[in-house]
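First comes the structure, then the notes that go with it.
Quantities reported herein were computed from a predicted structural model and do not represent experimental measurements. Computed over heavy atoms, backbone and side chain alike; hydrogens, waters and symmetry mates excluded.
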Amino acid sequence: QVQLVESGGGLVQPGGSLKLSCAASGSIDSIYSMAWYRQAPGKQRELVATITSGGTTTYANSVKGRFTISSDNAKNTATLQMNSLKPEDTAVYYCNAKSRRAYNTILYNDWGQGTQVTVSS
């Protein structure tokens with residue numbers, strides 16, 4: 001059993017910044033990658049940013065240059081620094097982790113409960 005706990009969401013004005021954090025705990029042997037997704041009302045969940053255990057990052061075009069994903073492999077945590085926020089960034093943000101357990105070779109895909117980010121004046 002693996003738990004992902006997100007924190008850091010809230011209400012911010014356009015142009016402002018927020019930092020989201022995600023902590024993974026439980027029966028983790030190793031994390032392959034961590035990511036942030038988001039889902040706005042009436043829209044499908046979309047990938048925002050990913051980071052592998054080796055530090056390789058990818059970003060959605062809509063957030064490139066504004067968002068930065070980072071991780072701490074020793075602590076099994078990931079953060080998403082969001083700058084220059086826009087109203088269209090409003091969504092529930094979900095943390096995702098792909099990890100392995102010590103007892104098998106399956107790559108598990110785990111999700112957090114989500115944290116609301118609202119960008120509005």
Side-chain angles (χ1 to χ4, degrees):
Q1 189 80 7
V2 171
Q3 297 82 38
L4 300 180
V5 178
E6 302 111 332
S7 61
L11 172 64
V12 64
Q13 291 186 342
S17 298
L18 278 177
K19 184 176 183 178
L20 304 183
S21 298
C22 175
S25 62
S27 305
I28 299 172
D29 181 63
S30 61
I31 290 182
Y32 173 76
S33 66
M34 296 187 76
W36 289 94
Y37 287 72
R38 67 186 181 187
Q39 187 167 18
K43 295 188 177 181
Q44 289 189 331
R45 189 173 297 189
E46 64 173 356
L47 178 64
V48 176
T50 65
I51 184 166
T52 68
S53 58
T56 300
T57 58
T58 58
Y59 296 92
N61 287 334
S62 59
V63 307
K64 280 182 181 176
R66 300 188 298 122
F67 291 11
T68 302
I69 188 170
S70 60
S71 67
D72 184 329
N73 293 337
K75 296 181 179 179
N76 291 337
T77 59
T79 60
L80 184 69
Q81 178 66 47
M82 305 184 294
N83 300 327
S84 302
L85 282 160
K86 304 175 181 179
E88 50 263 44
D89 294 317
T90 295
V92 177
Y93 284 70
Y94 296 91
C95 179
N96 169 269
K98 292 179 173 58
S99 65
R100 299 189 189 280
R101 311 292 187 259
Y103 45 82
N104 61 33
T105 60
I106 297 173
L107 188 63
Y108 290 83
N109 197 31
D110 295 297
W111 295 90
Q113 293 297 310
T115 184
Q116 176 70 45
V117 171
T118 302
V119 184
S120 175
S121 55

TODO: Fit a plane to each ring of Tyr93 and Phe67, take the angle between them on a 0 to 90° scale, and name the class: parallel (under 30°), tilted (30 to 60°) or perpendicular (over 60°).
DONE: tilted

TODO: Mark yes or no for whether Glu6, through its side chain, and Gly114, through its backbone, hold a donor-acceptor pair below 3.5 Å.
DONE: yes

TODO: Show your working on side-chain contact (heavy atoms from CB on, under 4.5 Å) between Thr79 and Lys19 and close with a plain yes or no.
DONE: CA-CA 7 Å; Thr79 60; Lys19 184 176 183 178; 4.0 Å; yes

- [ ] Drop me the distance from Tyr103's OH to Asp29's CG, to the nearest 0.5 angstrom.
- [x] 10.0 Å

Open item on the list: Please say yes or no: joined through hydrophobic side-chain contacts below 4.5 Å, possibly via intermediate residues, are Ile106 and Tyr32 part of one cluster?
Closed with: no

TODO: List the steps and the verdict of side-chain contact (heavy atoms from CB on, under 4.5 Å) for Ile31 and Ser53.
DONE: CA-CA 7 Å; Ile31 290 182; Ser53 58; 5.8 Å; no

Open item on the list: Between Tyr94 and Ile51, is there shared hydrophobic-cluster membership here, with clusters defined by ILVMFWY side-chain heavy atoms closer than 4.5 Å?
Closed with: no

TODO: Would you name the heavy atoms of Asp89 and Arg66 that are closest together and state the gap between them?
DONE: OD2-NH1, 2.7 Å

Open item on the list: Within the supplied structure, the quantity of interest is the number of heavy atoms (other residues, nucleotides, ligands) at a distance under 6.0 Å from Glu88 CD; does it exceed 12?
Closed with: yes

- [ ] Flag yes if Tyr37 and Leu4 sit in one hydrophobic cluster, no otherwise; membership is Ile, Leu, Val, Met, Phe, Trp, Tyr, and two members link when side-chain heavy atoms are under 4.5 Å apart.
- [x] no

Task: Closest approach of Thr105 to Arg100 (non-hydrogen atoms, all atoms of both residues) - done: O-NH1, 2.6 Å

TODO: Give the minimum heavy-atom separation between Ser27 and Val2, together with the two atoms involved.
DONE: N-CG2, 4.1 Å

Task: Closest heavy-atom pair and its distance - Ala40, Ala91 - done: N-CB, 3.8 Å

Open item on the list: Please say yes or no: joined through hydrophobic side-chain contacts below 4.5 Å, possibly via intermediate residues, are Leu18 and Tyr59 part of one cluster?
Closed with: yes

TODO: Identify the two heavy atoms, one from Leu80 and one from Ala49, that lie closest to each other, and give their separation to 0.1 Å.
DONE: CD1-CB, 4.2 Å

Open item on the list: If you compare all heavy atoms of Leu107 against all heavy atoms of Lys98, which two are closest, and at what distance to 0.1 Å?
Closed with: CD1-C, 4.0 Å

TODO: Go through the steps to decide whether Trp36 and Met82 satisfy the test side-chain contact (heavy atoms from CB on, under 4.5 Å), and finish with yes or no.
DONE: CA-CA 11 Å; Trp36 289 94; Met82 305 184 294; over 6 Å; no

- [ ] State plainly whether one hydrophobic cluster holds both Val92 and Leu20, where clusters connect Ile, Leu, Val, Met, Phe, Trp and Tyr through side-chain heavy atoms under 4.5 angstrom apart.
- [x] no

Open item on the list: Would you say that more than 12 heavy atoms from the other residues, nucleotides or ligands in this model lie under 6.0 Å from the CD of Glu46, or not?
Closed with: yes

- [ ] Report the C-alpha separation of Thr118 and Gln116 in whole Å, then their side-chain angles, then the decisive distance to 0.1 Å, and conclude whether the side-chain hydrogen bond (donor to acceptor under 3.5 Å, both in side chains) test is met.
- [x] CA-CA 6 Å; Thr118 302; Gln116 176 70 45; 3.3 Å; yes

Task: Working for side-chain contact (heavy atoms from CB on, under 4.5 Å), residues Thr115 and Ser7 - done: CA-CA 7 Å; Thr115 184; Ser7 61; over 6 Å; no

Task: Check: Thr90 side chain, Val119 main-chain N or O, donor-acceptor pair, under 3.5 Å - done: yes

